[in-house]
There are 2 protein chains.
Amino acid sequence: MTAQTSRRDRLRRATLAEIREAARRLLTTQGSAAVTINAVAREVGISGPALYHYFASHEELVAAVTADFFQELTTAMRTARDAHAPDSPAARLLATCRAMRNWAVTHRAEFGWIFASPVPGPPPADQRSDSPRSLAGRDFELVFLDQVEALWATNPFPVPEPEDLAASVRAQLTPYAAELGRELPIAALHVALSCWIRLYGLLCMEVLNQLSFAYSDLEPLFEECLRDICHTLALDYQPPN
Amino acid sequence: MTAQTSRRDRLRRATLAEIREAARRLLTTQGSAAVTINAVAREVGISGPALYHYFASHEELVAAVTADFFQELTTAMRTARDAHAPDSPAARLLATCRAMRNWAVTHRAEFGWIFASPVPGPPPADQRSDSPRSLAGRDFELVFLDQVEALWATNPFPVPEPEDLAASVRAQLTPYAAELGRELPIAALHVALSCWIRLYGLLCMEVLNQLSFAYSDLEPLFEECLRDICHTLALDYQPPN
DNA sequence: TATGTTTGTTTAGAGGCATTAAGCAAACCT
DNA sequence: AGGTTTGCTTAATGCCTCTAAACAAACATA
């Protein structure tokens with residue numbers, strides 16, 4: 001099925017990679033506004049419109065680069081997780097989260113790009129959920145959720161009683177839970193997502209410089225957040241290193 | 001001191017207001033990318049470069065509009081707060097926070113603009129902290145912090161022991177506390193900021209559509225967050241309405 | 001009141017960006 | 001060997017930011 005890599009195929013693949021690298025280089029060195037079709041083409045050594053043979057539009061190039069970032073971040077998290085045995089779920093979850101923040105602060109431009117790049121919500125009908133960008137984003141979320149699911153299987157954590165879970169939350173989460181197809185009750189999924197939102201939201205605010213008016217190093221806040229999350233998930237918090 | 005409003009002054013002021021209104025209209029109807037100098041000028045009825053007599057650059061126009069949004073949001077929060085007597089601090093704080101979310105979801109474009117608009121951190125030396133945009137942003141944060149301070153004065157909430165507060169947090173917060181000049185111990189300030197970060201972060205993620213993959217209506221999540229915050233601040237949570 | 005300055009505006013223009021169109025040459029396939 | 005696909009180029013359109021030059025009306029003042 002995988003087309004035999006003809007000479008042309010290999011060249012094309014190499015150029016595609018080079019283009020994405022150039023785009024990323026421009027982003028990290030000169031900011032997101034510098035990632036223009038023309039500038040990237042110049043960087044690669046081809047002339048403007050030639051780039052349209054590789055990406056149909058500026059938006060598509062942006063999406064491809066975003067997918068790259070998601071994948072790299074996801075890989076970093078998975079790698080950190082796998083450095084700990086499956087029978088110590090707390091260590092695995094903490095390592096995953098810390099790897100996430102570590103990637104975010106060592107790749108601020110890329111992490112901010114993931115956020116600030118236009119995710120205009122669901123205007124284009126059902127959001128083309130098969131685009132590489134969406135797939136990579138999905139995969140990213142799953143790193144966390146899958147671990148909570150594994151945790152639930154062996155060390156179930158307390159969840160709100162059905163009567164304490166707002167009916168609308170249950171209604172909203174039902175389709176998503178079905179789409180996930182995981183063995184996680186709605187209430188547990190809600191707890192997991194709440195934790196995820198706190199983590200992700202904190203990093204978002206850190207990288208978008210919304211907290212620099214008061215804090216310069218958010219690592220202690222992040223660790224406090226992890227402590228809270230461990231408490232919520234009935235895990236033993238362990239400080240880093 | 002206030003210059004007597006000559007005829008020219010009045011006209012200028014009117015044009016300035018009209019320009020900012022036009023910019024906002026373009027933002028809400030066509031998205032942030034549509035807020036260009038040319039488009040705004042067209043909307044107002046003057047021709048491109050004329051707008052440079054009112055704003056020195058596109059960036060400055062963006063900053064002015066951002067300041068407008070901050071002010072409007074701040075006013076909405078203060079108004080909601082003042083609808084409750086000063087002797088029911090819980091009601092005042094809850095009303096403030098709910099007004100914040102209400103403004104955010106009824107003015108998604110504006111709230112997202114506040115976030116996504118380039119706050120490139122502290123590259124320009126000390127961040128020109130006297131720009132209208134920065135002042136308005138400062139004022140916005142104070143709506144929340146001032147209430148926590150008032151709360152602290154009458155109903156002090158539990159704060160972490162000094163030995164539980166990371167030394168670096170204390171070090172980081174000391175200059176900010178001094179700059180605030182409020183009667184709030186560092187530990188209490190830290191608790192207040194943690195609450196603020198959760199609130200603001202949740203709204204940020206909601207408006208930036210980072211949660212739409214699972215939730216469509218985040219109001220219940222916001223109320224859960226408020227419940228947590230009330231618990232942290234030793235307040236009685238009261239459901240809305 | 002006459003004169004000079006400030007202010008609001010316009011058109012022209014430079015330089016950049018996204019994108020499309022037309023054309024050319026090398027690589028590929030048959 | 002000939003036709004097709006692919007990669008690339010230059011032109012060209014229309015948008016953008018921003019500067020420059022020019023002009024007229026409003027203002028200030030001697």
Side-chain angles (χ1 to χ4, degrees), chain A residues 2-27 29-66 113 116-118 120 124, chain B residues 2-27 29-66 113 116-118 120 124:
Chain A
T2 57
Q4 68 152 11
T5 59
S6 66
R7 166 176 175 72
R8 271 227 273 241
D9 261 23
R10 267 177 290 125
L11 283 181
R12 173 163 251 271
R13 236 170 265 278
T15 308
L16 274 168
E18 201 181 339
I19 289 172
R20 298 203 289 227
E21 284 161 22
R24 181 177 189 162
R25 198 178 325 128
L26 284 170
L27 167 66
T29 59
Q30 298 173 238
S32 61
V35 185
T36 70
I37 294 275
N38 283 340
V40 171
R42 220 176 295 133
E43 195 87 355
V44 172
I46 63 181
S47 255
L51 213 144
Y52 284 84
H53 280 256
Y54 298 92
F55 295 96
S57 67
H58 181 257
E59 189 184 349
E60 201 172 285
L61 171 60
V62 166
V65 173
T66 307
W113 170 281
S117 82
Chain B
T2 58
Q4 68 153 9
T5 59
S6 66
R7 166 176 176 70
R8 271 226 274 241
D9 262 23
R10 268 176 288 125
L11 282 182
R12 172 162 251 272
R13 238 170 265 277
T15 308
L16 274 167
E18 202 181 338
I19 288 171
R20 298 204 288 229
E21 284 161 21
R24 181 176 189 164
R25 199 177 325 126
L26 284 169
L27 167 66
T29 59
Q30 298 173 237
S32 61
V35 185
T36 70
I37 294 273
N38 283 341
V40 171
R42 222 176 294 132
E43 195 86 355
V44 172
I46 63 181
S47 254
L51 213 144
Y52 284 85
H53 279 255
Y54 297 92
F55 294 96
S57 66
H58 180 257
E59 190 184 348
E60 201 173 286
L61 170 60
V62 165
V65 173
T66 306
W113 170 280
S117 83

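Letters go in sequence order (proteins before strands), and every chain restarts at 1.
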Check: Which part of the nucleic acid does His53(A) contact within heavy-atom distance under 4.0 Å: base, sugar-phosphate only, or nothing?
Finding: base
Item checked: Gap between atoms CD1 and P, on Ile37(B) and dG15(C) respectively (whole Å) -> 20 Å
Notebook entry, point to check: Going through the distances and angles, do Arg25(A) and Glu21(A) end up as a side-chain contact (heavy atoms from CB on, under 4.5 Å)?
Noted result: CA-CA 6 Å; Arg25(A) 198 178 325 128; Glu21(A) 284 161 22; 4.2 Å; yes
Next item on the list: Indicate yes or no: at least one non-hydrogen side-chain atom of Tyr54(A) is less than 4.5 angstrom from one of Leu61(A).
Entry: no
Notebook entry, point to check: Please give, in whole Å, the distance from dT20(C) P to Asn38(A) CG?
Noted result: 13 Å
Item checked: Residue met sooner reading DNA chain C from 5', once Arg8(B) and Gly48(B) are mapped to nucleotides -> Arg8(B)
Next item on the list: Round to the nearest Å and state the distance from Arg10(A) atom CZ to dG7(D) atom C1'.
Entry: 16 Å
Next item on the list: Taking only the side-chain nitrogens and oxygens of Thr36(B), find out if one of them lies under 4.0 Å from OP1 or OP2 of dC16(D).
Entry: yes
Check: Which atoms form the tightest heavy-atom contact between Val44(A) and Ala22(A), and what is the distance?
Finding: CG2-CB, 3.7 Å
Next item on the list: Examine dT7(C): is either OP1 or OP2 under 4.0 Å from a nitrogen or oxygen in the side chain of Tyr54(B)? Give yes or no.
Entry: no
Notebook entry, point to check: Base, sugar-phosphate, or nothing: which does Ser57(A) touch, judged by heavy atoms less than 4.0 Å apart?
Noted result: sugar-phosphate
Check: What nucleotide among dG8(C), dA18(C), dT19(D) has an atom nearest to a side-chain atom of Arg12(B)?
Finding: dG8(C)
Notebook entry, point to check: To the nearest Å, how far apart are His58(A) NE2 and dA18(C) C1'?
Noted result: 9 Å
Check: Is any side-chain heavy atom of Phe55(A) closer than 4.5 Å to a side-chain heavy atom of Ile37(A)?
Finding: no
Next item on the list: Take the protein atom CD of Glu59(B) and the nucleotide atom C1' of dC18(D), then report the distance between them rounded to whole Å.
Entry: 14 Å
Checklist line | Sugar-phosphate, base or nothing in reach of Phe55(A), heavy atoms under 4.0 Å | finding: nothing
Check: Just how far, in rounded Å, is P of dC17(C) from CG of Leu51(A)?
Finding: 13 Å
Note to self: Rounding to an integer number of Å, can you tell me how far Tyr52(B) OH sits from dT9(C) P?
What the structure shows: 15 Å
Note to self: By nearest heavy atom, map Ile46(A) and Pro49(B) onto DNA chain D; which one lands nearer the 5' end?
What the structure shows: Ile46(A)
Next item on the list: Dump the intermediate steps for side-chain contact (heavy atoms from CB on, under 4.5 Å) on Val40(B) and Leu51(B), then the final yes or no.
Entry: CA-CA 8 Å; Val40(B) 171; Leu51(B) 213 144; 3.7 Å; yes
Next item on the list: Figure out the CG/P separation between Asp9(B) and dC27(D), and round it to whole Å.
Entry: 10 Å
